[in-house]
J.: 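Below: one structure in structure tokens.
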Amino acid sequence: MPLDILVGAQWGDEGKGRITDRLSAQADIVARYSGGDNAGHSVTVGARLFKLHLIPSGILHPRTRAVLGNGMVIHPGTLLDEIGSLAAAGVDVGPQRLLLAPGAHIITPAHRALDGAEEALRGGSSLGTTGRGIGPAYTDKAARLGVRAEAMRDPPAFAEAVRRHEERLARLLESHYGCAAPDPGESARLYREYAERLRPHLAETGALLAEALAAGQTILAEGAQGTLLDLDHGTYPYVTSSSPSAAGALLGLGLGPRHVRRVIGVAKAFQTRVGAGPFPTEVHGQMSERLRGTGANPWDEFGTTTGRPRRVGWLDGVLLRYAARVNGLTDLALTKLDILSGIPTLLLCSAYRRHDRRTADLTGTPAELEGFTPDYESLDGWDADVSRLQSWESLPAGAHAYLEHVEQIAGVPIRWISVGPERDQLIVHEGAA
Ligand code: GDP
Ligand code: IMO
Ligand code: MG
């Protein structure tokens with residue numbers, strides 16, 4: 001009865017969707033547990049590129065069921081669009097396969113307006129949110145003012161709850177932010193339609209997941225965002241408003257810790273961040289263009305959700321070690337190793353320095369990162385194209401040295417090495433400790 005939890009070990013966009021897709025082949029259920037359509041998970045299957053924002057990437061395997069957990073915030077319009085485009089691509093997204101937790105919270109038009117208004121008010125110190133209304137929706141959840149998915153069981157009553165909710169937020173938007181608010185009546189009408197279409201997907205997901213585990217099925221919890229964006233454990237306040245780290249999976253699905261078999265951390269072979277906040281190993285100039293790419297390839301470092309160029313840098317081993325601790329990682333999946341091919345010297349941050357003191361472990365919170373400078377180790381790179389290699393043994397010596405160094409710094413074995421976005425561009429490291 002195993003539960004495997006897959007988390008982003010950095011600032012998001014580590015390639016979680018791609019690894020989830022591969023691991024879902026062995027899962028009975030794949031469940032998203034936190035965040036909303038701030039996430040963008042790209043999955044390449046043959047000639048097709050799927051961009052998923054809410055629906056778990058496991059939906060692309062015909063025998064896997066997909067759950068949207070109670071820890072999520074759902075924009076019903078985005079969900080219906082995603083259902084529509086997957087259905088058009090021939091994927092079964094019927095109510096038997098795609099199950100929505102009653103406890104998930106609903107994102108409304110006023111949440112999105114508030115997200116934009118708050119960012120505008122912050123001006124130069126804005127967080128660089130995705131503008132999807134995530135923060136305001138979780139704020140209402142914590143304030144016990146939110147509208148939950150379960151209310152969609154009764155569409156007229158749901159519409160009325162949305163209207164009252166929007167009227168309250170309209171007063172806030174107009175008086176505090178001086179902004180025009182979305183029309184509550186129009187939102188209520190639209191959301192009633194959404195409820196009619198989404199209510200067949202509502203299911204008692206907590207009980208269903210527990211029954212699946214009791215019956216010996218395998219559940220893969222698919223994280224969104226990343227550990228360093230975690231509301232509690234990330235680079236606060238430059239974080240998202242949910243709990244993407246492993247503990248969030250239990251809360252966001254309604255399961256206890258005794259079921260957990262593996263906690264898989266997905267990390268890129270380098271480091272990226274989209275949005276504001278500290279980033280000790282960030283690089284600029286030519287090397288940043290080399291790591292980011294020009295945008296010509298679908299995997300170049302431009303946001304799946306917003307199209308923004310991602311900030312890039314060298315792999316931060318101190319933060320990876322921190323992510324290993326916070327999540328209790330049992331395994332690592334390292335993605336985009338192919339991007340490092342041809343770089344003569346690779347830098348790897350194994351410690352920080354502050355006031356002449358060297359520290360390899362982050363004992364405080366990562367919110368304090370601004371004062372640290374990275375202490376780098378230099379490693380020889382490799383020239384060979386690794387993107388079609390299928391085994392650990394066939395990787396060049398430089399790649400072995402790099403990967404072994406990362407394992408040693410993180411203190412976690414690298415069990416999967418991704419060398420390209422396609423399903424088969426994944427090396428399974430059988431001998432990982
Ligand atoms: P997620 O949010 O963690 O699922 O990651 P994203 O999908 O936002 O970003 C990862 C991007 O890298 C996507 O475009 C993937 O198709 C791509 N990708 C994943 N693994 C690899 C890899 O090993 N090599 C290359 N070149 N691209 C990859
Ligand atoms: P996936 O699942 C990368 C970042 C935003 C911003 C901060 C807060 O694709 O890895 P929010 O809209 O959540 O209030 O924004 O969090 N962010 C992400 N960055 N990948 C994501 O998701 C992200 N989701 C949110 O850029 O800095
Ligand atoms: Mg992404």
Side-chain angles (χ1 to χ4, degrees), residues 6-22 32 34-45 48-54 56-57 72-73 75 107 111-112 114-116 118-119 126-139 222-231 234-242 244 265-270 272-279 291 293 295 297-308 310-311 333-341 385-387 389 416-427:
L6 182 143
V7 298
Q10 296 164 324
W11 277 294
D13 300 325
E14 299 91 346
K16 296 175 295 294
R18 177 254 183 291
I19 299 292
T20 299
D21 169 64
R22 174 65 184 248
R32 271 274 308 266
S34 75
D37 58 344
N38 47 348
H41 297 181
S42 297
V43 182
T44 305
V45 183
R48 281 191 173 150
L49 174 63
F50 293 91
K51 293 186 177 188
L52 300 158
H53 298 284
L54 287 168
S57 309
M72 292 186 73
V73 284
H75 187 276
I107 298 181
H111 284 144
R112 287 195 169 174
L114 272 172
D115 195 351
E118 180 60 32
E119 284 284 89
S126 69
L127 304 178
T129 73
T130 60
R132 298 297 192 271
I134 305 297
Y138 279 114
T139 300
E222 175 182 357
Q225 290 76 54
T227 308
L228 302 171
L229 290 171
D230 187 279
L231 183 58
T235 46
Y236 192 89
Y238 299 99
V239 293
T240 189
S241 299
S242 65
V266 185
K268 252 174 222 176
F270 47 103
T272 65
R273 168 161 215 171
V274 55
F279 185 169
L291 291 172
N297 303 305
W299 57 81
D300 287 348
E301 298 294 348
F302 295 83
T304 311
T305 298
T306 57
R308 292 180 289 180
R310 294 175 186 149
R311 298 158 66 194
L334 208 75
T335 62
K336 298 193 89 165
L337 188 73
D338 51 308
I339 302 300
L340 298 187
S341 287
D385 174 9
V386 296
S387 65
L389 300 181
W416 297 275
I417 301 120
S418 174
V419 291
E422 288 165 30
R423 271 188 178 161
D424 63 353
Q425 289 182 296
L426 190 77
I427 296 173

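The first residue in the sequence is number 1, and the count goes up from there. Computation of the quantities below employed the complete heavy-atom set of this structure, encompassing side-chain atoms and omitting hydrogens, waters and symmetry-equivalent molecules. Remember, it's 1-based here, ligands and their atoms both numbered in the order they're listed.
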J.: Mind checking whether Lys51 and Val43 have side chains closer than 4.5 Å, heavy atoms only?
T.: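 No. Closest side-chain heavy atoms not under 4.5 Å.
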
J.: Relative to the heavy atoms of Lys16, which atoms of ligand 2 are at a distance of less than 4.0 Å?
T.: 1 (P), 2 (O), 10 (O)

J.: Show me which atoms of ligand 2 lie under 4.0 Å from any heavy atom of Trp11.
T.: 3 (C), 19 (N)

J.: Do the non-hydrogen side-chain atoms of Asp21 and Arg423 ever get within less than 4.5 Å of each other?
T.: yes

J.: Against heavy atoms of Pro298, which atoms of ligand 1 measure under 4.0 Å?
T.: 14 (O)

J.: Give me the nearest non-hydrogen protein atom to atom 16 (O) of ligand 2 as residue plus atom name, then the distance to 0.1 Å.
T.: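 In this structure, atom 16 (O) of ligand 2 has Leu229 CD2, 3.6 Å as its nearest protein heavy atom.
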
J.: Has Gly420 got any heavy atom lying under 4.0 angstrom from an atom of ligand 1?
T.: yes

J.: Considering heavy atoms of the protein only, find what lies nearest to atom 13 (O) of ligand 2 and give residue, atom and distance to 0.1 Å.
T.: Thr240 OG1, 2.6 Å

J.: Could you tell me, atom by atom, which parts of ligand 1 come under 4.0 Å of a heavy atom of Val419?
T.: 23 (O), 24 (N)

J.: Tell me which part of His41 gets within contact of ligand 1: side chain, backbone, both or neither, using heavy atoms under 4.0 Å.
T.: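 Answer for His41: both.
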
J.: Any side-chain donor paired with an acceptor under 3.5 Å for Ser418 and Arg22?
T.: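 On atom types as modelled, these side chains do not qualify, holding no pair under 3.5 Å.
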
J.: Just need the protein heavy atom nearest to atom 15 (O) of ligand 2, so name the residue and atom and give the distance.
T.: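 Result: Thr129 CA, 3.3 Å.
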
J.: Do Ile417 and Val386 come close enough that some side-chain heavy atom pair is under 4.5 Å?
T.: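 Sidechains of Val386 and Ile417: no contact.
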
J.: To the nearest 0.5 Å, what is the distance between CZ (Arg18) and NZ (Lys336)?
T.: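 Here the interatomic distance stands at 11.5 Å.
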
J.: Short list, please: which atoms of ligand 1 are under 4.0 Å from a heavy atom of Gly17?
T.: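 That gives atoms 4 (O) of ligand 1.
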
J.: Which ligand 2 atoms does Ala39 reach within 4.0 Å, using its non-hydrogen atoms?
T.: 1 (P), 2 (O), 9 (O), 22 (O)

J.: Show your working on side-chain contact (heavy atoms from CB on, under 4.5 Å) between Ile19 and Leu426 and close with a plain yes or no.
T.: CA-CA 9 Å; Ile19 299 292; Leu426 190 77; 3.7 Å; yes

J.: On a heavy-atom basis, which atom in Phe302 and which in Arg310 lie closest, and how many Å separate them?
T.: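 The answer is O-NH2, 3.5 Å.
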
J.: So for Gln225, does at least one of its heavy atoms come nearer than 4.0 angstrom to any atom of ligand 2?
T.: yes

J.: Is Arg132 touching ligand 2 with its side chain, its backbone, both, or neither, if touching means heavy atoms under 4.0 Å apart?
T.: neither

J.: With a cut-off of 2.8 Å, does Gly40 place any N/O/S atom under that distance from the Mg ion (ligand 3)?
T.: yes

J.: Taking the side chain as every heavy atom from C-beta outward, state whether Ile339 and Phe270 have any atom pair closer than 4.5 Å.
T.: yes

J.: Short N/O distance, under 3.5 Å, between Asn38 and ligand 2?
T.: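 Between Asn38 and ligand 2 (N or O atoms, distance only) the closest approach is under 3.5 Å.
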
J.: What N/O/S atom of Asp13 gets nearest to the Mg ion (ligand 3)?
T.: OD1

J.: If you count the atoms of ligand 2 from 1 in the order shown, which ones are under 4.0 Å from a heavy atom of Gly128?
T.: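 Under 4.0 Å from Gly128, ligand 2 has these atoms: 5 (C), 6 (C), 26 (O), 27 (O).
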
J.: Could you tell me whether Arg310 approaches ligand 1 through its side chain, its backbone, both or neither, with non-hydrogen atoms closer than 4.0 Å?
T.: side chain

J.: Just how far is it from atom NZ of Lys16 to atom OG of Ser42, taken to the nearest 0.5 Å?
T.: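 Atom-to-atom, Lys16:NZ and Ser42:OG are 10.5 Å apart.
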
J.: Would you mind telling me if ligand 1 is within reach of the side chain of Asp13, the backbone, both or neither, using heavy atoms under 4.0 Å?
T.: both

J.: Quick check: Trp11 with Tyr238 (ring centres under 6.0 Å apart)?
T.: no

J.: Do any heavy atoms of Val239 fall under 4.0 Å from ligand 2?
T.: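 Distance cut 4.0 Å: Val239 passes for ligand 2.
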
J.: Run the numbers for me: atoms of ligand 2, each under 4.0 Å from some heavy atom of Gly40, listed by number.
T.: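 So the atoms of ligand 2 that pass are 1 (P), 9 (O).
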
J.: Using heavy atoms and a threshold below 4.0 Å, how should the contact between Val266 and ligand 1 be classified: side chain, backbone, both, or neither?
T.: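 Looking at Val266 and ligand 1, no heavy atom falls under 4.0 Å.
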
J.: Can you confirm, on distance only, whether ligand 1 has an N/O atom lying under 3.5 Å from any N/O atom belonging to Gly40?
T.: yes

J.: Looking at OH of Tyr236 and CG of Leu229, how far apart are the two atoms once the value is rounded to the nearest 0.5 Å?
T.: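 CG of Leu229 is found 13.5 Å from OH of Tyr236.
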
J.: Would you say Lys16 and ligand 1 have an N/O pair spaced under 3.5 Å apart?
T.: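 Yes - when backbone and side-chain N and O of Lys16 are compared with those of ligand 1, one distance drops under 3.5 Å.
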
J.: Out of Asp230, Asn38, Asp13, which residue meets the side-chain hydrogen bond (donor to acceptor under 3.5 Å, both in side chains) rule with Gln225?
T.: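 Passing option: Asn38.
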
J.: With a 4.0 Å cut-off, would you call Glu301 and Lys268 a salt bridge?
T.: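 Salt bridge: yes.
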
J.: Side chain or backbone of Asp13 under 4.0 Å from ligand 2, or both, or neither, by non-hydrogen atoms?
T.: both

J.: Between Ser242 and Gly35, which heavy-atom pair has the shortest distance, and what is it?
T.: OG-N, 3.7 Å

J.: With heavy atoms of Leu127 as the reference, note each atom of ligand 2 found under 4.0 Å away.
T.: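 What qualifies from ligand 2 is 27 (O).
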
J.: Should the proximity of Ala224 to ligand 1, defined as any heavy atom under 4.0 Å, be assigned to the side chain, the backbone, both, or neither?
T.: neither

J.: Can you name the atoms of ligand 2, numbered from 1 with element, that are less than 4.0 Å from a heavy atom of Val274?
T.: 3 (C), 5 (C), 19 (N), 26 (O), 27 (O)

J.: Any idea which heavy atoms bring Ala269 and Leu337 closest together, and the distance?
T.: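 Smallest interatomic distance, heavy atoms only, reads CB-CA, 4.1 Å.
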
J.: Which atoms from ligand 1 have a heavy atom of Ser418 less than 4.0 Å away?
T.: 20 (N), 21 (C), 22 (C), 23 (O)

J.: Answer yes when Arg132 and Asp115 have at least one side-chain N-carboxylate O distance shorter than 4.0 Å, and no when they do not.
T.: no

J.: Would you say the side-chain atoms of Glu222 and Ser57 include a donor-acceptor pair closer than 3.5 Å?
T.: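 The criterion, which ignores hydrogens and geometry beyond distance, is satisfied for Ser57 and Glu222.
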
J.: Contact between Arg308 and ligand 2, counting heavy atoms under 4.0 Å?
T.: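 True for this residue.
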
J.: For Glu14, take its heavy atoms, then give the atoms of ligand 1 lying under 4.0 Å from any of them.
T.: 3 (O), 5 (O)

J.: I'd like to check which ligand 2 atoms, numbered from 1 as shown, lie under 4.0 Å from a non-hydrogen atom of Ala224.
T.: 2 (O)

J.: Got Trp416 and Ile427 here, is their nearest side-chain heavy-atom distance under 4.5 Å?
T.: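 Trp416 vs Ile427: side chains apart.
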
J.: Please tell me if atom 11 (C) of ligand 1 is touched by the protein, where touching means a protein heavy-atom distance below 4.0 Å.
T.: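 Within 4.0 Å: no protein heavy atom nearby.
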
J.: Rounded to the nearest 0.5 Å, how far apart are CG of Leu114 and OG1 of Thr139?
T.: 8.5 Å

J.: What residue and heavy atom of the protein are closest to atom 12 (O) of ligand 2, and at what distance?
T.: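 Heavy-atom neighbour on the protein nearest atom 12 (O) of ligand 2: Thr130 OG1, 2.6 Å.
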
J.: Hey, does Leu337 come in under 3.5 Å of ligand 1, counting only N/O atoms on both sides?
T.: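 N/O-N/O distance under 3.5 Å: no.
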
